[in-house]
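By convention in this document, chain letters (A, B, ...) are assigned in the order of the sequence lines, proteins followed by strands, and residues within each chain are numbered from 1.
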Protein chains: 2
Amino acid sequence: MSSVTIKDVARLAGVSPSTVSRVISNHPKISPATKKKVREAMEALGYHPNIMAQSLVSKNTQTLGLVLPHSAEKIFVNPFFSEVLRGMLAYANIKQYDILMSSANNPKEEIEAVTRMVLGRRIDGIILMAPRQKDPIVEKLLEYQFPFVLLGRSMEHDHVLSVNNDNIKAAYDITNHLIKQGHKRIGFVSGPPDLVVSIDRLEGYKKALLEAGLPVHPDWIIGEDVLQGNAFHALTMIMNSPEPPTAFVVTDDVVAFGLIRELYAAGFHVPQDVSIVSFNNIVLSELSNPPITTVDIGIYHLGYLTVQHLIRKLSGEEIEKPQMIVPHRLIIRESSMKLQ
Amino acid sequence: MSSVTIKDVARLAGVSPSTVSRVISNHPKISPATKKKVREAMEALGYHPNIMAQSLVSKNTQTLGLVLPHSAEKIFVNPFFSEVLRGMLAYANIKQYDILMSSANNPKEEIEAVTRMVLGRRIDGIILMAPRQKDPIVEKLLEYQFPFVLLGRSMEHDHVLSVNNDNIKAAYDITNHLIKQGHKRIGFVSGPPDLVVSIDRLEGYKKALLEAGLPVHPDWIIGEDVLQGNAFHALTMIMNSPEPPTAFVVTDDVVAFGLIRELYAAGFHVPQDVSIVSFNNIVLSELSNPPITTVDIGIYHLGYLTVQHLIRKLSGEEIEKPQMIVPHRLIIRESSMKLQ
DNA sequence: GTGAAAGCGCTAACAT
DNA sequence: ATGTTAGCGCTTTCAC
């Protein structure tokens, strides 16, 4: 692993270092002859530009930062995450960008990680996943005037770059699907309450109920910790009440898996006793037993467009609409089969 | 987002840039007084060292490279991946390392991505996931003499750093579990055939059968593409033969999900008609219907130790045993309930 | 204990 | 079209 520099190439090609530099960056006025000579020398020596040195002077790094949401949300984010990352990397790859990841165990570390990346000038822009209400990182980045994109949306700032689903509409649509099936008592299983996505989906659910003249029953809105069994008690309470829900809108496929399992353990079958619909359409939702009715939010696409949006901004393109919306569609499966 | 440099700090603190540098790197002989002055100046200006400049001279980047396996393996790797990444980032975070990801659509791009990172001196070491038999990237890295660690193992080089399960033993153990349940006709669903992990698990399966005096039936060893339904035909063929398998060892939980689904569609129930066991113990395997018997391979731990192993190597520690083995354990669930 | 100076590998005026 | 020069922000001898 030799360390061949631009000077070595210059020497071998019999030109000056700056000429080599020009060849690298495809400078227009460079004679075909020398270009060829230099290319050959680079090839012969196995030259690759030192990216640190390039960045130091050019002030850009061809790198995007991504902070992994901290563990509190791990279950919520889990299978979604690798798919969205695939989409991100796919576009980044096209544009020769890499993605620098950092993790954090709590909001404080999260800020630190971002600060280190941004002020350490390691990245050109940053991708924020799962933004919260009044998200401190968003505020910080705004303050730094550092380019970033949200996978999700900001509730406070509508001029920030973001790629999102219309989660209110999505929740509204999927809830209406249940209503059309004849359900009148519909519960909701929420995600972490400070995530914007949780708030939006809850709102869409409520909107559909209200429009249909159905009651919004606060006791039927439960936390996502059913999966851990913490809310098992709450669930049995609800299900053993005189008039239990006949359906649930669940904020995430993984949570839906858990819920189906908990219901089963409590003696309730899906969809015979209770219907389940959820969000994301992760691969496994189709392979669930029963297969889960869900909202396909285009996870891969979401990741892909997020990076595209950010890179466009970085290359100085005029962004007509900062808020991009990725369309969703309902995938109707067995878990919400029509009531007889 | 001002760009405050070491000079600015030096000026404000009334010292030379080199002194500031010494404070940053905790140089021993520096008077407490100046140290304090400099620290205050850094604080006041919001100084953060430019990591590119640091790297350029110090020749290390505090960054590890990771190449996402290309899409062919996406199904195999999917839910496993985010968990292993969490483990990697957790340890990296402790040691103030970041992880630089790059993706590739094919083996050629994979090599390119690695070359760009390595020769571009962007990273100090590299993590390779899911190594193959005679893996070209391993050969390349060996040739460059560049530090790397395998999540898995090399079949050819036993001195390379690696963190792995004993997959042969794991497959042997889980197959024996089925044999103890009274199964005599046991099939196998494989992963991508050139992955070392696939080869090892197949070997362990065969070993258990042979030792028990049971037949290894080549027709019962099928590819992982059952999930896509491509091998659906093969599966029904097998199941409709006069003496079909009564159990399957499946190489991956996700594939097991798919298999259970396919079997169900073909009229076979798990575990009444056929038992299923698999590997990885992803979160959802417990929430499957039925819950899946699987080998817990300690995914998070695997990621954590992989990075630990590599960072130790990078910091010049003497590595006593280059090949680390993470213990596995069987998680017995409903999908392999005893035959009556 | 601290400063001055050189240089890491590269790019970008400014010359010619 | 190409070479010369001066940095980018930092670390690290080498002086004192």
Side-chain angles (χ1 to χ4, degrees), chain A residues 1-42 45-63 96 116-124, chain B residues 1-39 41-42 45-63 116-124:
Chain A
M1 225 229 6
S2 59
S3 211
V4 22
T5 78
I6 211 170
K7 281 185 184 168
D8 303 317
V9 177
R11 202 174 305 124
L12 180 62
V15 297
S16 78
S18 34
T19 300
V20 177
S21 173
R22 284 188 258 258
V23 172
I24 292 169
S25 54
N26 260 310
H27 192 96
K29 24 181 158 184
I30 198 93
S31 84
T34 44
K35 186 179 281 186
K36 183 160 173 291
K37 259 194 316 194
V38 171
R39 286 261 160 76
E40 282 168 1
M42 298 199 316
L45 297 173
Y47 171 78
H48 273 252
N50 182 319
I51 300 180
M52 297 300 169
Q54 278 185 325
S55 305
L56 184 57
V57 31
S58 72
K59 261 105 187 62
N60 69 27
T61 61
Q62 291 290 107
T63 304
Q96 303 260 56
R116 198 158 39 103
M117 284 183 177
V118 171
L119 265 25
R121 270 133 276 172
R122 290 194 81 158
I123 54 175
D124 298 340
Chain B
M1 225 226 11
S2 60
S3 211
V4 21
T5 79
I6 212 170
K7 281 185 185 170
D8 303 318
V9 177
R11 202 173 307 123
L12 181 62
V15 298
S16 78
S18 29
T19 300
V20 177
S21 173
R22 285 190 255 261
V23 172
I24 293 168
S25 54
N26 262 309
H27 192 95
K29 25 180 153 186
I30 198 93
S31 83
T34 43
K35 188 179 279 185
K36 182 160 174 292
K37 259 193 319 194
V38 171
R39 286 261 159 74
M42 297 199 319
L45 297 173
Y47 171 77
H48 274 252
N50 181 320
I51 300 181
M52 297 300 170
Q54 277 184 325
S55 305
L56 184 57
V57 33
S58 72
K59 261 104 187 66
N60 69 28
T61 60
Q62 292 289 107
T63 305
R116 197 156 41 102
M117 283 185 178
V118 171
L119 265 26
R121 270 135 274 173
R122 289 193 82 158
I123 54 176
D124 299 339

_Going by side-chain hydrogen bond (donor to acceptor under 3.5 Å, both in side chains), name the residues that satisfy it together with B:T63, two or more places apart in sequence or in a different chain._
A:R122
*Is a side-chain donor or acceptor of B:T34 paired with a backbone partner of B:I30 at a separation under 3.5 angstrom?*
no
*Any salt bridge (charged side-chain N to carboxylate O under 4.0 Å, His left out) involving residues 46-56 of chain A? Give me the pairs, sequence neighbours left out, ordered by first then second residue.*
none
Would you list the atom pairs, donor with acceptor, under 3.5 Å between side chains in residues 5-15 of chain A and any protein atom, with sequence neighbours excluded?
from : atom 1 : to    : atom 2 : distance (Å)
A:T5 : OG1    : A:K7  : N      : 3.1
A:D8 : OD1    : A:R11 : NH1    : 3.4
A:D8 : OD2    : A:T5  : N      : 2.8

*Does A:S58 have any side-chain contact (heavy atoms from CB on, under 4.5 Å) partners at least two apart in sequence or in another chain, and if so, which?*
A:N60
*asked:* Going by the rule side-chain hydrogen bond (donor to acceptor under 3.5 Å, both in side chains), which residues pair with B:S18 if we only count those two or more places apart in sequence or in a different chain?
replied: B:S16
*What pairs with B:K36 under salt bridge (charged side-chain N to carboxylate O under 4.0 Å, His left out), at least two apart in sequence or on another chain?*
B:E40
*Start and end of chain B contact along DNA chain C [non-hydrogen atoms, under 4.0 Å]*: C:dG1 to C:dG9
*asked:* Could you work out, with salt bridge (charged side-chain N to carboxylate O under 4.0 Å, His left out) as the rule, every residue matching B:R116, not counting sequence neighbours?
replied: A:D98
*Take nucleotides 6-16 of chain D nucleotide by nucleotide from the 5' end and write B, S or -, depending on whether a protein heavy atom sits under 4.0 Å from the base, only from the sugar-phosphate, or from neither.*
--BBBBBB---
*Sequence-distant partners of B:K59, side-chain contact (heavy atoms from CB on, under 4.5 Å), two or more places apart*: none
*asked:* Please report the end-to-end axis angle for the helix from C:dG1-D:dC16 to C:dT16-D:dA1, five pairs per end, rounded to 10 degrees.
replied: 40°
*Can you name the side-chain hydrogen bond (donor to acceptor under 3.5 Å, both in side chains) partners of A:T61, sequence neighbours left out?*
A:D124
